[in-house]
Protein chains: 2
Amino acid sequence: MKCDPSARGDTRRKILDLAEGLFLSRGFSALSYQQVSKVLGVRNAAIHYHFPHKTDLGVALIQRYRRRFERFVDSQAELGALEQLVNYFELSTVYFSRDRQICPSGVLSTEYPALPDEMQREALGFIGQMRAWAVAIADKGRAEGCMRYPGEPEAMGLLMFSALQGALQLARIEPDMLVAVKAQICRLLDLPPDALAAGGTTP
Amino acid sequence: MKCDPSARGDTRRKILDLAEGLFLSRGFSALSYQQVSKVLGVRNAAIHYHFPHKTDLGVALIQRYRRRFERFVDSQAELGALEQLVNYFELSTVYFSRDRQICPSGVLSTEYPALPDEMQREALGFIGQMRAWAVAIADKGRAEGCMRYPGEPEAMGLLMFSALQGALQLARIEPDMLVAVKAQICRLLDLPPDALAAGGTTP
DNA sequence: GACAGCTTACTGACCGGTAAGTAGAGTCGC
DNA sequence: GCGACTCTACTTACCGGTCAGTAAGCTGTC
């Protein structure tokens with residue numbers, strides 16, 4: 001019927017974009033093919049054409065995050081620890097400003113036991129990536145001498161990761177949570193509270 | 001049929017107990033009347049007798065948490081800040097040990113946009129209680145001189161709240177997350193890492 | 001006989017998923 | 001240049017299962 005060449009291969013991306021929004025605001029179990037197809041103006045079966053099973057859609061979603069995140073981390077490699085921290089913080093601000101979405105790792109870990117096996121595997125890999133990055137920032141920060149904190153970089157990275165994930169979720173209900181937690185992390189890293197004034201590149 | 005007098009009024013509680021477990025491990029949207037009724041050995045309609053709408057079940061669940069939590073906080077009033085922190089930590093350990101459940105505030109904030117209005121209202125109140133308690137611990141800890149940290153007690157309390165919520169979720173995937181984050185919070189509060197050796201009373 | 005506490009039996013909506021058909025663009029031999 | 005064929009990207013029309021929810025009937029207790 002409509003095989004508009006300008007839109008060729010576009011539907012798949014549109015499905016992913018739309019599903020991503022629903023995923024981050026309502027979760028995977030609460031996401032249905034109908035919600036996507038209705039907004040997109042196609043039939044339910046059209047989604048099934050691109051993603052035969054709901055699991056396929058979920059896996060594609062996480063894999064896209066992983067690729068995107070990998071590129072993002074690569075693009076940050078040359079930056080200093082402080083700038084990387086700024087961009088880390090900026091990441092969660094972007095999510096929050098988009099209709100109070102939360103970070104994918106938050107949705108994935110919360111729904112983890114209800115997810116199909118293949119999605120669990122991908123989630124494991126994705127969260128491993130995020131964890132590694134957070135730890136790397138704490139590590140680099142200490143090496144560069146711009147961050148001062150007790151304990152190992154490992155522990156400090158995990159704390160920042162956990163705190164940001166939790167704060168982003170709780171900010172839906174307590175809007176001051178995100179800024180408060182970010183500011184406190186800065187204090188605990190012995191940074192000046194206004195060290196985060198500059199913006200950064202986010203995926 | 002079976003109106004066993006010893007079980008009178010027991011079904012309602014059993015429903016709540018079972019629903020609570022499913023709620024904490026799989027979330028509210030992924031929780032169905034069938035799952036509860038099947039395990040409980042009753043018909044679907046029996047659940048509807050006690051909780052006409054799913055929203056009623058959800059609200060009852062949160063209200064029970066609130067009552068329970070209030071009693072818990074009251075019972076802690078006389079304790080020192082350090083003991084209260086121990087019990088706070090113990091709370092999340094108990095959740096984790098019960099089949100990797102997460103804390104109610106984590107489920108509620110993650111699913112928040114998909115929840116019915118009445119549940120959102122209750123969630124707001126519940127998370128307000130938890131927030132207040134976390135801040136109170138940080139406050140008391142500084143007043144007693146047993147905790148040393150930069151910034152206001154408000155900010156430190158919110159950080160602990162966020163970090164524990166996030167860590168509990170992430171521990172499903174990265175099992176070392178919970179202990180690592182707890183230990184790091186202790187270091188950041190300038191406590192000895194083994195300050196948490198003692199157990200405490202948890203609800 | 002009134003009531004609590006269920007049951008059986010049902011409803012309509014929605015869920016993910018499938019099979020068969022089709023429009024249109026591209027490709028092929030001739 | 002043209003018909004035949006193939007492929008992509010859908011559509012229509014279903015499927016059985018599950019969802020929350022309801023109405024009416026039954027049973028044991030007071």
Side-chain angles (χ1 to χ4, degrees), chain A residues 1-20 22-23 25-62 111 113-120 122, chain B residues 1-20 22-23 25-62 107 111 113-120:
Chain A
M1 207 175 269
K2 65 144 193 275
C3 260
D4 178 9
S6 74
R8 198 98 51 77
D10 218 45
T11 306
R12 195 191 138 92
R13 196 188 47 79
K14 281 181 183 169
I15 292 170
L16 278 173
D17 288 345
L18 239 155
E20 181 180 323
L22 289 164
F23 175 70
S25 28
R26 304 171 45 91
F28 187 70
S29 359
L31 154 73
S32 77
Y33 277 39
Q34 282 198 29
Q35 292 166 357
V36 177
S37 63
K38 196 176 285 180
V39 176
L40 213 67
V42 297
R43 298 285 131 178
N44 229 323
I47 320 273
H48 279 289
Y49 171 75
H50 292 283
F51 305 96
H53 304 273
K54 199 185 173 186
T55 302
D56 300 324
L57 176 58
V59 167
L61 228 40
I62 312 178
E111 291 194 291
L115 295 179
D117 288 356
E118 300 166 55
M119 282 186 71
Q120 290 193 352
E122 288 296 327
Chain B
M1 206 173 266
K2 64 143 190 276
C3 260
D4 178 8
S6 73
R8 196 97 52 78
D10 217 45
T11 306
R12 195 191 138 92
R13 195 189 47 78
K14 281 182 183 168
I15 293 170
L16 278 173
D17 288 345
L18 239 156
E20 181 179 322
L22 289 164
F23 175 71
S25 27
R26 305 170 46 91
F28 188 71
S29 3
L31 154 73
S32 76
Y33 276 39
Q34 282 199 29
Q35 292 167 356
V36 177
S37 63
K38 195 175 287 180
V39 177
L40 213 65
V42 296
R43 298 285 131 178
N44 230 323
I47 321 271
H48 279 288
Y49 171 76
H50 292 282
F51 305 97
H53 305 274
K54 199 184 173 186
T55 302
D56 300 324
L57 176 59
V59 167
L61 228 40
I62 312 177
V107 185
E111 291 194 293
L115 294 179
D117 289 357
E118 301 165 55
M119 282 186 70
Q120 289 193 351

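Letters A, B, ... mirror the listed sequences (proteins, then strands); counts begin at 1. Source: prediction; values computed, not measured.
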Undergrad: Write down the distance between CG (B/Asp56) and P (D/dG21), rounded to a whole number of angstrom.
TA: 8 Å
Undergrad: What is the distance, to the nearest angstrom, from the NZ atom on A/Lys54 to the P atom on C/dC14?
TA: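 So the NZ-P distance, A/Lys54 to C/dC14, works out to 16 Å.
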Undergrad: Nearest to the side chain of A/Ala46 - D/dC19, C/dT7, D/dC10?
TA: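 It is D/dC10.
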Undergrad: Choosing from C/dC6, C/dG17, D/dA9, which nucleotide comes nearest the side chain of A/Tyr49?
TA: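 Closest nucleotide to the A/Tyr49 side chain: D/dA9.
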Undergrad: Give B/Ile47 one of three labels, base, sugar-phosphate or nothing, depending on what nucleic acid heavy atoms sit under 4.0 Å from its own.
TA: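 The residue B/Ile47 makes no contact with any strand.
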Undergrad: According to side-chain hydrogen bond (donor to acceptor under 3.5 Å, both in side chains), who are the partners of B/Ser32, at least two apart in sequence or on a separate chain?
TA: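 Applying side-chain hydrogen bond (donor to acceptor under 3.5 Å, both in side chains) to B/Ser32 gives none.
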Undergrad: Would you please name every residue forming a side chain to side chain contact (heavy atoms under 4.5 Å, CB included) with B/Ala60, sequence neighbours left out?
TA: B/Arg12, B/Leu16, B/Phe51
Undergrad: Counting only side-chain nitrogens and oxygens, does A/Thr11 get under 4.0 Å of the OP1 or OP2 atom of D/dC10?
TA: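 Yes, such a contact exists.
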Undergrad: Would you kindly give the CD1-to-P distance between A/Ile15 and D/dA9, to the nearest whole Å?
TA: 11 Å
Undergrad: Not counting sequence neighbours, which residues clear ring-ring contact (aromatic ring centres under 6.0 Å, His included) with A/Tyr33? List them please.
TA: A/His48
Undergrad: Under the 3.5 angstrom rule, does the side chain of B/Glu111 hit a backbone N or O of B/Ser29 as a donor-acceptor pair?
TA: yes
Undergrad: For nucleotides 22-25 of chain D, list the nitrogen or oxygen atoms of the protein found under 3.5 Å from its nitrogen or oxygen atoms, one pair per line.
TA:
none

Undergrad: Please state how far atom NZ in A/Lys14 lies from atom P in D/dC10, giving the value in whole angstrom units.
TA: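 Distance check: A/Lys14 NZ to D/dC10 P gives 9 Å.
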Undergrad: Taking all non-hydrogen atoms of both residues, which atom of A/Gly58 and which atom of A/Phe28 are closest, and how far apart?
TA: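 Answer, listing the atom of A/Gly58 first, then A/Phe28: CA-CE1, 3.7 Å.
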Undergrad: Give A/Tyr33 one of three labels, base, sugar-phosphate or nothing, depending on what nucleic acid heavy atoms sit under 4.0 Å from its own.
TA: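 Since only primed, P, OP1 and OP2 atoms lie under 4.0 Å of A/Tyr33, the category is sugar-phosphate.
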Undergrad: Quick one: A/Gln35 CD to C/dA13 C1', roughly how many Å, whole number?
TA: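 About 14 Å, once rounded to whole Å.
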Undergrad: Which of these nucleotides, D/dC10, C/dC14, D/dC19, is closest to any side-chain atom of A/His50?
TA: D/dC10
Undergrad: Report the distance from atom CG of B/Leu22 to atom C1' of D/dA20, rounded to the nearest whole Å.
TA: 16 Å
Undergrad: Rounded to whole angstrom units, what separation is found between the CZ atom of B/Arg43 and the P atom of C/dC10?
TA: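 From B/Arg43 CZ to C/dC10 P: 14 Å.
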Undergrad: Checking A/Glu122 now: which residues fulfil side-chain hydrogen bond (donor to acceptor under 3.5 Å, both in side chains) with it, not counting sequence neighbours?
TA: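 Only A/Gln63, A/Arg66 meet the side-chain hydrogen bond (donor to acceptor under 3.5 Å, both in side chains) criterion with A/Glu122.
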Undergrad: Residues in side-chain hydrogen bond (donor to acceptor under 3.5 Å, both in side chains) with B/Glu20, at least two apart?
TA: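 Testing B/Glu20 for side-chain hydrogen bond (donor to acceptor under 3.5 Å, both in side chains), a comparison that skips the adjacent residues, returns B/Arg64, B/Arg68.
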